[in-house]
2 protein chains.
Amino acid sequence: MRISTKGGYGIRAMYELAMAHGQGPVPLKVVAEKQALSEHYLEQLMGTLRKAGLVKGVRGAKGGYQLALPPEKISVGDVIRALEGPIAPVSCVDLDAEAGCERHATCPTRGLWERLRDSMIQVLDSTTLADLCREAPQNAAPKDSGKGLCRYQGV
Amino acid sequence: MRISTKGGYGIRAMYELAMAHGQGPVPLKVVAEKQALSEHYLEQLMGTLRKAGLVKGVRGAKGGYQLALPPEKISVGDVIRALEGPIAPVSCVDLDAEAGCERHATCPTRGLWERLRDSMIQVLDSTTLADLCREAPQNAAPKDSGKGLCRYQGV
DNA sequence: CTAATTCCGACCAACTTACTAGGAATTACA
DNA sequence: TGTAATTCCTAGTAAGTTGGTCGGAATTAG
């Protein structure tokens, strides 16, 4: 029952973009450095997020990525879904696909998985990037906390 | 965010054992047939569940497996934990290991993962095998429903 | 023109998943 | 005592996923 690092890295990267929201594009080099992850790998994840319409890329020098929507309009669930697919503990309770397994009428565990799915979705969809910014510990970025890194506090 | 089939198969097998609880051991052949899964693969899963103290194996002819505890004492979470490891969306909020990553004091996403973990645990630990038996649709076993297959209704 | 950057596709090693194969140990029962 | 049924154990394995790396093309600010 783990999310992969894809989702984890994605959230961390999106958090950085949310923190810098409204200040122009942030190059991946900076994001990768701050969050200590592979720049090249991040590149792939951002490609996926861009196709999902969650971020915009700005090419060229002084380019980078920025959120396509304000932080309070992007939920953690949106990011996870883009990077890891639908939020469902088993495929047969996937809300998006609504595959509906053949034995669903007689399945004794369906209710369980539905409850689990709903509780996961509730948490993930009710937390936005803006919430993460607010929740971030004061010492989230000790290096330049003097410069007021925790800028984004919900508009 | 999927559980593997290990967990899914395990739950389905445990449900069968719960249904037959108090009626002597059930051979895997029967379980595998009813739930339509590979007997040999199930064997491995049952080995894990046995080591976790959730089932008892009875060797030899007329042998099989039975629950080591009454169905209302075994939660879905117990089964999942035995087969898939600790219930935690990311390793750093693993309650059992309490690994505690080095940057946990400054991590802006820790709260999120803790909330997700707790909501998952709440659902999984509050549902027992007895609950699954109760929840099972009436037509859960059309073949011999006349014989009253849904025997186990909580003691 | 040059440096910085996104964008894109290919490749790869390690790991996990969902099995299968084969056989030893144990037991009920004829 | 023999045989069939069953658990128990160890190994192997094909396919997929993960978490990257590598190299280069396209774009843009200065």
Side-chain angles (χ1 to χ4, degrees), chain A residues 1-13 16-17 20 23-33 35-68 80 82-86 89-91, chain B residues 1-13 16-17 20 23-33 35-68 80 82-86 89-91:
Chain A
M1 283 308 263
R2 294 277 163 90
I3 61 161
S4 72
T5 61
K6 262 188 210 172
Y9 289 5
I11 297 289
R12 283 160 66 190
E16 288 298 334
L17 296 190
Q23 309 190 336
V26 183
L28 280 194
K29 197 176 173 183
V30 172
V31 175
E33 240 167 45
Q35 289 291 332
L37 26 94
S38 151
E39 184 183 346
H40 241 82
Y41 187 43
L42 239 194
E43 216 174 270
Q44 290 175 53
L45 304 186
M46 295 312 282
T48 306
L49 292 173
R50 184 174 46 80
K51 284 167 199 158
L54 297 176
V55 300
K56 276 189 248 181
V58 178
R59 287 178 155 205
K62 298 280 179 177
Y65 284 94
Q66 56 197 26
L67 298 184
I80 299 289
L83 292 170
E84 312 220 351
V90 295
S91 62
Chain B
M1 282 309 260
R2 294 277 162 90
I3 62 162
S4 72
T5 61
K6 263 188 207 171
Y9 289 6
I11 297 289
R12 283 159 67 188
E16 289 297 333
L17 296 190
Q23 310 190 334
V26 183
L28 280 193
K29 197 176 171 182
V30 172
V31 175
E33 240 168 44
Q35 289 292 332
L37 28 93
S38 151
E39 183 183 347
H40 239 83
Y41 187 42
L42 240 195
E43 215 175 273
Q44 290 175 50
L45 304 185
M46 295 312 283
T48 306
L49 292 173
R50 183 175 46 81
K51 283 166 199 157
L54 297 176
V55 299
K56 277 189 246 181
V58 179
R59 288 178 153 207
K62 299 277 177 181
Y65 285 94
Q66 56 199 28
L67 298 184
I80 298 288
L83 293 170
E84 313 221 351
V90 296
S91 63

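In what follows, every chain begins at residue 1, and chains take the letters A, B, ... in the order their sequences are listed. Worth saying up front: this structure is predicted, and the values here are computed from it rather than measured.
Minimum atom distance to the side chain of B:Lys29 is reached by D:dT6, of the listed D:dG20, D:dT6, D:dA29. When distances are taken from the side chain of B:Arg59 to each of D:dA4, D:dT7, C:dC8, the shortest belongs to D:dT7.
Contact check, A:Ser38 against D:dG20: no side-chain N or O comes under 4.0 Å of OP1 or OP2. Side-chain N/O atoms of B:Arg50 include one lying less than 4.0 angstrom from OP1 or OP2 on D:dC8. Put simply, A:Tyr9 has a side-chain N or O that comes within less than 4.0 Å of OP1 or OP2 on D:dG20. One finds no side-chain N or O of A:Lys62 lying less than 4.0 angstrom from the OP1 or OP2 phosphate oxygen of D:dT28. Listed pair B:Ser4 / C:dT16 fails the phosphate criterion, with no side-chain N or O lying under 4.0 Å from OP1 or OP2. A close approach under 4.0 Å does not occur between any side-chain nitrogen or oxygen of A:Tyr41 and OP1 or OP2 of D:dT18.
In this structure, CD in B:Glu16 is found 9.0 Å from CZ in B:Arg12, a value given to the nearest 0.5 Å. In this structure, the separation between CG on B:Leu83 and CD1 on B:Ile11 is 7.5 Å, given to the nearest 0.5 Å. Between atom CG of residue A:Leu42 and atom NE2 of residue A:His40 there is a gap of 11.5 Å, rounded to the nearest 0.5 Å.
A straight line from CD of A:Gln66 to C1' of C:dT6 spans 13 Å, rounded to a whole angstrom. At whole-Å resolution of the value, CZ in A:Arg2 and P in D:dG19 are 12 Å apart. We find that NZ of B:Lys56 is positioned 17 Å from C1' of D:dC8, with the value rounded to whole Å. Rounded to an integer number of Å, the gap from CG of B:Leu83 to P of C:dT16 is 16 Å. In this entry the distance linking CD of B:Gln44 with P of D:dG12 reads 14 Å, nearest Å. Taking atom CD of residue B:Glu43 and atom C1' of nucleotide C:dC19, one finds them 12 Å apart after rounding to whole Å. The interatomic distance linking B:Ile3 (CD1) with C:dT16 (P) rounds to 18 Å, in whole Å. Summarising the geometry, the separation between OH on A:Tyr65 and C1' on D:dT27 is reported as 13 Å, rounded to the nearest angstrom.
A donor-acceptor distance shorter than 3.5 angstrom exists from the side chain of B:Glu84 to the backbone of B:Ser4, with no hydrogens or angles considered.
No hydrogens or angles were tested; on distance alone, nothing pairs the side chain of B:Glu39 with the base of C:dT20 as donor and acceptor under 3.5 Å.
Comparing B:His40 and B:Glu84 against DNA chain C, the residue whose closest nucleotide sits nearer the 5' end is B:Glu84.
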Apply the test side-chain contact (heavy atoms from CB on, under 4.5 Å) to residues A:Met46 and A:Leu28: give CA-CA distance (whole Å), side-chain angles for both, the deciding distance (0.1 Å), then the verdict. CA-CA 9 Å; A:Met46 295 312 282; A:Leu28 280 194; 3.6 Å; yes
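The residue A:Gly47 sits apart from the nucleic acid: no heavy atom pair falls under 4.0 Å.
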